[in-house]
Every structure is written in C-alpha cells, then in structure tokens.
Protein chains: 2
Amino acid sequence: MRPFTHPSVDNITVEGILHALSDPERMAIYVGLVNTETARSCANFQRINERTVPKSTLSQHFRILREAGLIRSERQGVEMLNTSRRAEVDKRFPGLVDAIMAAHCRQSGKANAGRKRGRRARA
Amino acid sequence: MRPFTHPSVDNITVEGILHALSDPERMAIYVGLVNTETARSCANFQRINERTVPKSTLSQHFRILREAGLIRSERQGVEMLNTSRRAEVDKRFPGLVDAIMAAHCRQSGKANAGRKRGRRARA
DNA sequence: CCTGTTAGTTCATAAGTCGCGAACTACGGG
DNA sequence: CCCGTAGTTCGCGACTTATGAACTAACAGG
C-alpha cells in the first residue's frame, strides 16, 4: 500500500476543489467533516443520503478529497481518521469553502454555513 | 436543431456550477464572459491558453456552461451571442461566483476578481 | 432561387473516467 | 498464528468526454 499523498497548500488548485465537491456524495462527506474538530473514520460515511455506499467507492471518494487538499487522512490503528484541512484551504483561497458551503446549505434547505458562528449564510 | 435549454434560476445547482467550472477551458470561457457587459460569440474563444480548441469541443463547453445556468446563449444572425447570467446566479447563491473568481485569479496570479471595482481579490 | 461563406450544432467513435465486486493489505487481539 | 475489522487496489463494464466529419441556420451576392 503506497503512502498517502497530501498536496502542500501551494499545490491545492481551484479545479481540484471544484471537481471534488461537484459530486453529491463527496460533498456530503466533506460537509460532515468540515464543521467539526473531531476526526471521523471512513466507515462513518458508509450511509449517505439513504444509500449504502460500497467500500471501494467510498475509498475513491476519500482519495479524491485528499488529493484535492480538502482533507487529511491518517491511519490510527485499524481505522483511518479524516479531518478537514479547512484552515489551510482558507489560507490559499480565502472565502472559497465558505461560499461553497453556504451555497450547498442554501440549496439543500439547511441553515448554518459558517464555521462556528452561524453567520454568512445570511438573509 | 433543438432550441437551447436554459435552466430557471431555481433549477441552478451547486454541483452543476462546480462541475462546469472544474474544467480549465470552461473556466477560461466563463472568466471571459463574467467581467463584461458585452456579449461575445463562441468564435471569440477558439484560442484558449495557447491552444486552439476545436469547434465541436467549444460547442460542448458552451452547452455545459449553459445547462449549469452560468451563461445565456442567443442566436443573433449568423452567430451565437453569449452573456453571463451572473446576477441571477448571485441571487440564488450569493457570493459563490465571487469566491470562485477570486480563487481562480489568486491561483493564476491575476488581480481583480470583483465585478467592476477591483476589490475582493485579497489584501 | 441557387451558391457560397460563416458560425455553430449534432453524430459517431475513440479515449478517458467512474463505480463497484472481488481480492488483497494492515493492524490489532486472543 | 489465525481471525476480524477497516480500508486499499485491481479489473472490467458502464458512463463521459473529446473531436473529426457531416449537417443546419442565417445571411450575401448574383
């Protein structure tokens, strides 16, 4: 098993981010990671939006998100712990994740787009 | 030739926008349309980033952008005039296009992301 | 009206990407 | 050492994308 490749902040691209988040399942995974401090294993996302996602598919989704620089994955014992790299992404592209999350929430009818304080999604 | 399909504002989706703009050539086309009032024909974009894009490929790019709701295309005589639907997109997803344009500019080393006044593109 | 030109669309197909079951790897535990 | 859990990789069929070739639409000139 080859070791994981996490791009450096400078190698994160807009295309990569847009492509990664243009898939509804990946978007759901990222949303589940971005608003929390605690790492979550892949197995946490085996059920997305009423559907059971096969392990191999999930693995690919995580790889795309990882290679886009959106998340960091580290093996912790037998499982894989994933955390969002939001602060780094924000440093490279200020406001991008925020805007995408706000748009996603608006579309799916949910409030709260901001990180901790539920602003930005605005009126 | 079937008439064009432009989604209504409410049918514009985040996935559609992200997918459309995750391609460098489509991003270049959209950037060329979004910061101007004047409509531009498809032929205006036959050369993108040092490369001559085939007509059929261009046509597909415009279709994707159109179906994502990012642009409007209308036949005017022998050519096709394209304009950005930015105001409408902004209404549905406030700040999204702004953030993506800012990120794109930052990545490609160009300043000026905002609409008319060259702000927003960072400090 | 016919012919030609320009601008773009559609079709067909080759090349590339994705989804997912099956097989494999890694890390504990007993 | 063998087993179970969590995830990765492989292989292949299904779906997408890119592009040359053929087609369509809107004019202009004769």
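Residue numbering restarts at 1 for every chain, and letters A, B, ... go by the order of the sequence lines. These numbers were taken from a predicted model, which means no experiment stands behind them.
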Those residues that, when tested against A:Glu88, pass side chain to side chain contact (heavy atoms under 4.5 Å, CB included) (two or more places apart)
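Scan of A:Glu88 (side chain to side chain contact (heavy atoms under 4.5 Å, CB included), adjacent residues dropped) gives A:Val9, A:Arg72, A:Arg85.
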5' to 3' contact window, DNA chain C with chain A (heavy-atom distance under 4.0 Å):
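Going 5' to 3' along DNA chain C, contacts run C:dC18 to C:dG28.
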Can you pull the contact range of chain B along DNA chain D, 5' to 3', using atoms under 4.0 angstrom from its heavy atoms?
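Contact boundaries, 5' end first: D:dT17 to D:dC27.
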Residues from [range] sitting under 4.0 Å of DNA chain C, heavy atoms only?
range                     : answer
residues 57-67 of chain A : A:Thr57
residues 70-78 of chain A : A:Arg75, A:Gly77, A:Val78
residues 47-54 of chain A : A:Arg51, A:Pro54

Rounded to 10°, the helix from C:dC1-D:dG30 to C:dG30-D:dC1 deviates from straight, judged by its five-pair end axes, by 10°
If you compare all heavy atoms of B:Ala68 against all heavy atoms of B:Gly16, which two are closest, and at what distance to 0.1 Å?
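Smallest interatomic distance, heavy atoms only, reads CB-O, 3.6 Å.
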Looking at B:Tyr30 and B:Leu70, what are the two nearest heavy atoms and their distance?
CE1-O, 3.6 Å
Using a side-chain heavy atom cutoff under 4.5 Å and only I, L, V, M, F, W and Y, what cluster partners does A:Phe4 have?
A:Met80
Side-chain hydrophobic cluster, 4.5 Å single linkage: members besides B:Ile64
none
Going by atom type alone, with no hydrogens or angles, which donor-acceptor pairs under 3.5 Å involve a side-chain atom of residues 17-24 of chain A and a protein atom two or more places apart or on another chain?
residue, atom, partner, partner atom, Å
A:Ser22, OG, A:His19, O, 2.8
A:Asp23, OD1, A:Glu25, N, 2.9
A:Asp23, OD1, A:Arg26, N, 3.1

Identify, with sequence neighbours excluded, every residue that meets salt bridge (charged side-chain N to carboxylate O under 4.0 Å, His left out) alongside B:Glu79.
none
Those residues at least two apart in sequence (or on a different chain) that pass salt bridge (charged side-chain N to carboxylate O under 4.0 Å, His left out) with B:Arg75 are none
Does a side-chain N-to-carboxylate-O contact under 4.0 Å join B:Lys91 and B:Asp10?
no
